[in-house]
Amino acid sequence: MSEATLGGRFRFPGTALTVQRIGYGAMKLAGPGVWGPPTDPDGAVALLREALAAGVDHIDTSDFYGPHTTNRIIRQALHPYPAGVVLVTKLGARRPPDKSWQPAISPRELTAGVHDNLRNLGLDALDIVNYRTMGSGHGPEEGSIAQQVTVLAELKHQGLIRHIGLSNVTAAQVAEAQAITDVVCVQNLYNLAQRKDDPLIDDLARQGIAYVPFFPLGGFSPLQSSTLSSVALRLGATPMQVALAWLLHRSPNILLIPGTSSVPHLRENLAAGQLTLAPQDLAELDGIATEAAGVP
Ligand SMILES: NC(=O)c1ccc[n+]([C@@H]2O[C@H](COP(=O)([O-])OP(=O)(O)OC[C@H]3O[C@@H](n4cnc5c(N)ncnc54)[C@H](OP(=O)(O)O)[C@@H]3O)[C@@H](O)[C@H]2O)c1
């Protein structure tokens, strides 16, 4: 696909890293419940190779998907990585055998997490590492993240991490981290129906920092809206394509990492970059968050 069809390029601030605005989120490549191997390992490898062949150069992953599964599939499918491919991983959790998600935020755990990612991805240095807070279970929770960010900054100083991002954070936590190190991206929950981060997105856009919504399609509960469906019908597109195109229109610092284990869905998602939304479409889509909140 041409540069423009994947949303155009974005440069992470203060870095030499540029990516297409439509990338890929690898979480769905693990088994059900983000646990264990995928049901179709060969299909997962083929999907990643197709994504790269289509021009995707930004892959979001974590060693706690599986655990270790998605990183190992990425390595199997794509290593040695073509020049320009940016792998973004995250730290801050671990998956004990009961399949739960537990915090892993001590200096020892964060350092071990970096080494796990390096080993499983087959890298000497990680392009971007997001410190992911556990939050409240319903989103980010205020509280200092200085200790964890300082550990990542030290690992960056050692050359094991090139750049640092944050995930599941508040605006105050972003500011706190920026007093310690440069922050190149923020990955929080955001989509057509979940727009608490609107002010944060605008603030990060002013600073040139990437905002990378997780659950861009609604995540485990895919977006459903009669407004979304009717706009999609009018445009001859699918609702998921319109949801992604709306994010691309929302702000130039938004990068997409839609997740899928299906090649047809991957193709559909990548084609969202070719959709143009008119002011009337945008106005209708902007009303979805109000509908979702039940505001009359
Ligand atoms: N930082 C964090 O805390 C955090 C949390 C969650 C996720 N993430 C990252 O964000 C990425 C994106 O989030 P996500 O994958 O959970 O959610 P998502 O992208 O909002 O949605 C994924 C879901 O939508 C389905 N889907 C994808 N494309 C579709 C299409 N064209 N038509 C219909 N259904 C479609 C997928 O199922 P199929 O497999 O059937 O297509 C999957 O169930 C993840 O892959 C992960 O890398 C980060």
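Please read all numbers here as calculations on a predicted model, not as lab measurements. Residue numbers start at 1 and run along the sequence shown.
Every residue two or more places apart in sequence or in another chain that forms a side chain to side chain contact (heavy atoms under 4.5 Å, CB included) with L248 is listed here: R21, I22, L256. Listed by chain and residue number, S106 satisfy the side chain to side chain contact (heavy atoms under 4.5 Å, CB included) test with R108 (two or more places apart in sequence, or in another chain). Considering only residues two or more places apart in sequence or on other chains, A51 meets the side chain to side chain contact (heavy atoms under 4.5 Å, CB included) condition with V56, L266. Considering only residues two or more places apart in sequence or on other chains, Q178 meets the side chain to side chain contact (heavy atoms under 4.5 Å, CB included) condition with V174, V183, Q207, I209. Taking the side chain to side chain donor-acceptor pair (under 3.5 Å) definition, one finds that R72 meets it with N120, sequence neighbours left out. Annotation: side chain to side chain donor-acceptor pair (under 3.5 Å) contacts of N191 (sequence neighbours excluded): none.
Side-chain contact annotation: T61 with T70, donor-acceptor N/O pair under 3.5 Å present. For the residue pair N117 and N71, a side-chain donor N or O sits within less than 3.5 Å of a side-chain acceptor on the partner. When only modelled atom types and interatomic distance are considered, D60 and Q187 share a side-chain donor-acceptor pair under 3.5 Å. A side-chain N or O of Y211 and one of D197 form a donor-acceptor pair less than 3.5 Å apart.
Looking at T181 and V149, their side chains come closer than 4.5 Å, going by heavy atoms from C-beta outward. Two residues are said to be in side-chain contact when any heavy atoms from C-beta on lie closer than 4.5 Å; P38 and I73 meet this criterion. For the pair D198/L200, no side-chain contact is recorded, criterion being any heavy-atom separation below 4.5 Å from C-beta on. Looking only at side-chain heavy atoms (C-beta outward), L52 and P82 come within less than 4.5 Å of each other.
Ion pairing between a basic and an acidic side chain is recognised when a charged N comes within 4.0 Å of a carboxylate O; D57 and R9 show such pairing.
Residue pairs that meet the salt bridge (Lys or Arg N to Asp or Glu O under 4.0 Å) test with at least one member in residues 273-290, sequence neighbours left out, are R195-D286, R234-D281, R234-E284. Legend: side chain to side chain donor-acceptor pair (under 3.5 Å) pairs involving residues 137-150, not counting sequence neighbours, sorted by first then second residue: E142-T170, S144-E176. Every pair passing side chain to side chain donor-acceptor pair (under 3.5 Å) that includes a residue from residues 213-232 is listed here, sequence neighbours excluded: T227-E291. Screening residues 28-54 for salt bridge (Lys or Arg N to Asp or Glu O under 4.0 Å) gives E50-R267 as the qualifying pairs, with residues at least two apart or on separate chains.
Between the side chain of H249 and the backbone N or O of A245 there is at least one donor-acceptor pair closer than 3.5 Å. No donor-acceptor distance shorter than 3.5 angstrom exists from the side chain of Q173 to the backbone of V169, with no hydrogens or angles considered. Side-chain atoms of H79 come within 3.5 Å of backbone atoms of G122 as a donor-acceptor pair (strictly under, hydrogens ignored). Side chain of D98 to backbone of S100: a donor-acceptor contact under 3.5 angstrom is found. Although no hydrogens or angles enter the test, the distance criterion places a donor-acceptor pair under 3.5 Å between the side chain of Y81 and the main chain of L121. Using modelled atom types, one side-chain atom of R75 and one backbone atom of R119 make a donor-acceptor pair closer than 3.5 Å. Remark: side-chain polar atoms of Y24 are not paired, donor with acceptor, to backbone N or O of L270 under 3.5 angstrom. Remark: the backbone N or O of R132 is not paired with any side-chain donor or acceptor of N168 at under 3.5 angstrom.
V88 and V114 fall into different hydrophobic clusters, where Ile, Leu, Val, Met, Phe, Trp and Tyr are joined by side-chain heavy atoms under 4.5 Å apart, directly or via other members. Cluster annotation: V19 and I128 are assigned to the same hydrophobic cluster (Ile/Leu/Val/Met/Phe/Trp/Tyr, side-chain heavy-atom contacts under 4.5 Å, transitive). Linking Ile, Leu, Val, Met, Phe, Trp and Tyr whenever their side-chain heavy atoms come within less than 4.5 Å leaves L17 and L123 in two separate clusters. Linking ILVMFWY side-chain heavy atoms closer than 4.5 Å, directly or via other members, places L223 and V242 in a single hydrophobic cluster.
A distance of 11.0 Å separates CZ in R94 from CD1 in I105, rounded to the nearest 0.5 Å.
Atom CG of D182 is surrounded by 12 or fewer heavy atoms from other residues, nucleotides or ligands within 6.0 Å.
Side-chain contacts under 4.5 Å among hydrophobic residues (ILVMFWY), followed directly or transitively, place W35 with no other residue at all. Residue M27 belongs to a hydrophobic cluster whose other members are V34, F64, Y65, W101, M134, L189, F214, F215, F220, with links defined by side-chain heavy atoms closer than 4.5 Å.
Nearest heavy-atom pair across I59 and A26 is CG2-CB, 4.3 Å.
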